[in-house]
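Here the structure is laid out as structure tokens; the discussion comes afterwards.
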Amino acid sequence: QIFIALARAPAGVTPTNAPFSRSTMEGDMERKRAVGPEVDEASEKRRRVDVGGSEGVDLHHCPPSKVLHVRAVPDYTTQFDLMSALQQFGKVAYVTLMPRVRQALVEMETLDAAGRVVEHNKNQSIYVKGRPTFFNYSKSQAIKRSAQLFNETGVS
């Protein structure tokens, strides 16, 4: 009897106006098929180049910075893995991992080293743990270290 009570729709809700009814989901799928894959917001967000213009615009373009934004970071990547992959370009000053979103921030010691990474990654993939990763300049000019965070909050 409990199951029957939970299965009943609230008063005034019919299968046609239910928020997640089968007919609504099928209609959404038909709309996406009719309009095309460009409508899907998630795939649109992932696109690197805006195909609206004849030249194309790099959506991940930021002014040069010693800090690099890393995408497609493999699961279980360590700071050492990233440092090893980038040692050929110059010294890595600091690494912050964001494993839940498969991203990282890497601060190179010099702007030239960061530039070498970005330029190399335009033509060839840089592999971390056997998987290609993508490097672009970050919006940040420096990564805040743990000691800086403690000083700003007044906790010592």
Side-chain angles (χ1 to χ4, degrees), residues 17-156:
N17 69 3
F20 297 107
S21 69
R22 185 175 187 83
S23 61
T24 303
M25 287 189 286
E26 288 171 354
D28 286 345
M29 290 182 347
E30 287 175 21
R31 183 183 58 83
K32 283 184 181 179
R33 269 188 247 122
V35 177
E38 295 82 30
V39 174
D40 185 16
E41 291 177 24
S43 66
E44 191 66 30
K45 215 173 168 182
R46 281 185 225 114
R47 295 180 119 183
R48 289 194 70 162
V49 177
D50 178 14
V51 291
S54 60
E55 295 280 322
V57 178
D58 187 357
L59 299 176
H60 294 282
H61 179 73
C62 289
S65 165
K66 292 192 300 184
V67 180
L68 301 172
H69 177 242
V70 189
R71 295 179 294 120
V73 175
D75 292 332
Y76 307 107
T77 296
T78 63
Q79 294 173 341
F80 182 75
D81 294 327
L82 281 168
M83 292 171 74
S84 297
L86 297 177
Q87 69 183 358
Q88 63 182 334
F89 302 104
K91 189 171 180 185
V92 176
Y94 199 75
V95 176
T96 298
L97 292 168
M98 299 173 273
R100 289 186 181 190
V101 290
R102 300 186 65 205
Q103 297 178 12
L105 292 176
V106 175
E107 185 174 330
M108 300 299 287
E109 197 165 84
T110 65
L111 186 58
D112 288 338
R116 286 192 295 271
V117 172
V118 172
E119 284 303 312
H120 180 81
N121 195 231
K122 285 182 181 177
N123 302 320
Q124 293 181 356
S125 294
I126 297 174
Y127 288 84
V128 176
K129 296 187 85 162
R131 295 195 159 198
T133 52
F134 305 99
F135 293 82
N136 293 73
Y137 292 117
S138 172
K139 295 176 186 175
S140 305
Q141 293 298 313
I143 299 174
K144 287 190 177 185
R145 280 28 171 214
S146 299
Q148 289 175 322
L149 294 174
F150 286 128
N151 290 338
E152 288 177 6
T153 59
V155 178
S156 49

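Start at 1 with the first residue, then count along the sequence. These numbers were taken from a predicted model, which means no experiment stands behind them.
Taking both residues in full, the closest heavy atoms of Pro74 and Arg131 are given as CG-CB, 3.8 Å, listed atom of the first, atom of the second, then distance. The shortest non-hydrogen separation linking Ser138 to Cys62 is O-CB, 3.9 Å. For the residue pair Ser140 and Ser65, the shortest heavy atom distance occurs at O-OG, 2.6 Å. Across all non-hydrogen atoms, the minimal contact from Ala85 to Tyr127 is CB-O, 3.6 Å. The minimum heavy-atom distance between Ala113 and Gly90, with the atom names listed, is CB-CA, 4.1 Å.
Met108 is listed as a side-chain neighbour of Val92, based on a closest heavy-atom distance under 4.5 Å. The shortest distance between side-chain heavy atoms of Asn136 and Arg71 falls below 4.5 Å. Residues Val118 and Leu68 meet the side-chain proximity criterion, which asks for heavy atoms closer than 4.5 Å. Using a 4.5 Å heavy-atom threshold, the side chains of Met83 and Val95 count as touching.
With rounding to the nearest 0.5 Å, the separation of CD in Gln87 from CG in Leu82 is 12.0 Å. From Gln88, atom CD reaches atom CZ of Arg116 across 10.0 Å, with rounding to the nearest 0.5 Å. Interatomic distance, Phe134 CZ to Ile126 CD1, rounded to the nearest 0.5 Å: 10.5 Å. Distance check, rounded to the nearest 0.5 Å: CE of Met98 to CG of Leu105 gives 4.0 Å. Atom CG of Leu97 sits about 14.0 Å away from atom OH of Tyr76, to the nearest 0.5 Å. Between the NZ atom in Lys66 and the CD1 atom in Ile143 there is a gap of 10.5 Å [rounded to 0.5 Å].
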Practice task
Before giving the answer on side-chain contact (heavy atoms from CB on, under 4.5 Å), spell out for Asp75 and Arg102 the whole-Å C-alpha distance, their side-chain angles and the decisive distance to 0.1 Å.
Solution key: CA-CA 7 Å; Asp75 292 332; Arg102 300 186 65 205; 3.9 Å; yes
Exercise for the section: Apply the test side-chain contact (heavy atoms from CB on, under 4.5 Å) to residues Phe135 and Leu86: give CA-CA distance (whole Å), side-chain angles for both, the deciding distance (0.1 Å), then the verdict. Expected result: CA-CA 11 Å; Phe135 293 82; Leu86 297 177; 3.9 Å; yes
Exercise for the section: Walk me through it: do Tyr137 and His69 pass the test ring-ring contact (aromatic ring centres under 6.0 Å, His included)? Expected result: CA-CA 6 Å; Tyr137 292 117; His69 177 242; over 10 Å; no
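By the 4.0 Å N-to-carboxylate-O rule, Glu107 lies close enough to Arg145 to be salt-bridged with it. In this structure, Glu119 pairs ionically with Lys122, as a charged nitrogen and a carboxylate oxygen lie closer than 4.0 Å.
For Thr133 (side chain) and Val128 (main-chain N/O), no donor-acceptor pair under 3.5 Å exists by modelled atom type.
A donor and an acceptor atom, one from each side chain of Ser84 and Asp81, are nowhere located under 3.5 Å apart.
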